[in-house]
Amino acid sequence: MSDSKPAAAPTNKAPAPAAKRPTSSTSLAPLAKYKLVFLGDQSVGKTSIITRFMYDNFDRHYQATIGIDFLSKTMYLEDRTVRLQLWDTAGQERFRSLIPSYIRDSSVAVVVYDVSNRSSFLNTAKWVEDVRAERGNDVVICLVGNKTDLGNDKRQVSTEEGEERATKDGLLFMECSAKAGYNVKSLFRKLATALPGTADAANGNGANANANSANLVDIKLSAAPANIDEAKSCGC
């Protein structure tokens, strides 16, 4: 008697496919980080604009910024997620020497003035000059007129004059009210389209961002309240 075992019956079953590895979060592209520096004279509302964007509120009793403040916020775009590093600089002259080092590696410079203070508008030329001296053309600069809630009777700088200055110097431009929440969300949407690596930025320096508003992405903030043109209290 033979001790050999009978041959195994043939099978038509295909071999089981190899198990798929779960997608790890570590395989995703690293989070893009962009440094945004806010510049401008004292009391034009730089801190208030940032606070409105970060927390969607307005502090009527804020303290003047001492030196440099730093805040960070994640923005969810339709094709990627970015981390915005917001650097809030003091407007006092005694802190002026600190600012160039913060401008040096920035992606965006937001130069803010108070539409009811002509001097703060004229001084934006020096702030823009400081940015150009450190970054040349490798930075997006946005000129922002704040405190539109104070109304036209207190205006010292018209919207047209702000637009003309921005066009002449190759800057983005927007007016807003940190107090009313007017246009603050739109401001950061405009900056988002101008960030390096975005489709709109690839087509130029971001100056056409406003024209491509149909492609703007929600920034996960509640809708901004309507502008309060007749408000009589300070909108800093």
Heavy-atom donor-acceptor pair, R83 side chain to A32 backbone, under 3.5 Å: no
Exercise: do D41 and S120 side chains pair donor with acceptor under 3.5 Å: no
From D88 atom CG to M54 atom CE, the distance as rounded to the nearest 0.5 Å: 11.0 Å
T167 (side chain) donor-acceptor with E164 (main chain) under 3.5 angstrom: no
Any donor-acceptor N or O pair under 3.5 Å, side chains E175, T159: yes
Side chains of V140 and L172 in contact at under 4.5 Å (non-hydrogen atoms): yes
Contact check, side chains of I103 and R135, non-hydrogen atoms, under 4.5 Å: yes
Spatial distance of atom OG1 (T124) from atom OH (Y113) [nearest 0.5 Å]: 7.5 Å
Criterion side-chain contact (heavy atoms from CB on, under 4.5 Å) on V82 and T74, from CA distance to verdict: CA-CA 6 Å; V82 297; T74 299; over 6 Å; no
Sub-4.5 Å side-chain heavy-atom contact between I50 and F38: yes
Check: L39 and V112 side chains under 4.5 Å, non-hydrogen atoms: no
Contact summary for N146 and G45, nearest pair of heavy atoms: ND2-CA, 3.5 Å
Where K179 and D149 come nearest, the two heavy atoms and their spacing: CD-OD2, 3.7 Å
For K126 against D130, the heavy-atom pair lying closest together: NZ-OD1, 2.7 Å
Side chain to side chain, F173 and I141, heavy atoms closer than 4.5 Å: no
Distance, nearest 0.5 Å, that separates NZ of K35 from CD of Q85: 8.0 Å
V37 vs V110, side-chain contact (heavy atoms from CB on, under 4.5 Å): CA-CA, chis, key distance, verdict: CA-CA 6 Å; V37 178; V110 183; over 6 Å; no
Candidate pair V108 and L195, rule side-chain contact (heavy atoms from CB on, under 4.5 Å), full reasoning: CA-CA 8 Å; V108 177; L195 289 172; 3.8 Å; yes
Test: K185 cationic atom under 6.0 Å from F53 six-membered ring centre, within 45° of axis: no
Any C142 side-chain heavy atom under 4.5 Å of L191 side chain: yes
pair R132-N137: side-chain heavy atoms closer than 4.5 Å: yes
Check ion pair R118-E161 (N to O, under 4.0 angstrom): yes
CG on L86 to CG on L71, rounded to 0.5 Å: 6.5 Å
Flag side-chain contact, heavy atom, 4.5 Å: V184 against Y182: no
Lys/Arg cation over aromatic F58: R52, 6.0 Å, 45° cone: no
Exercise: do S116 and R155 side chains pair donor with acceptor under 3.5 Å: no
Spacing of T148 atom OG1 and N183 atom CG [to the nearest 0.5 Å]: 7.5 Å
Evaluation steps, side-chain contact (heavy atoms from CB on, under 4.5 Å), between Y34 and L36: CA-CA 6 Å; Y34 297 96; L36 283 66; 4.1 Å; yes
Straight-line distance of K46 NZ to W87 CH2, nearest 0.5 Å: 16.0 Å
Criterion salt bridge (charged side-chain N to carboxylate O under 4.0 Å, His left out) on K147 and D114, from CA distance to verdict: CA-CA 6 Å; K147 305 189 185 182; D114 174 356; 3.3 Å; yes
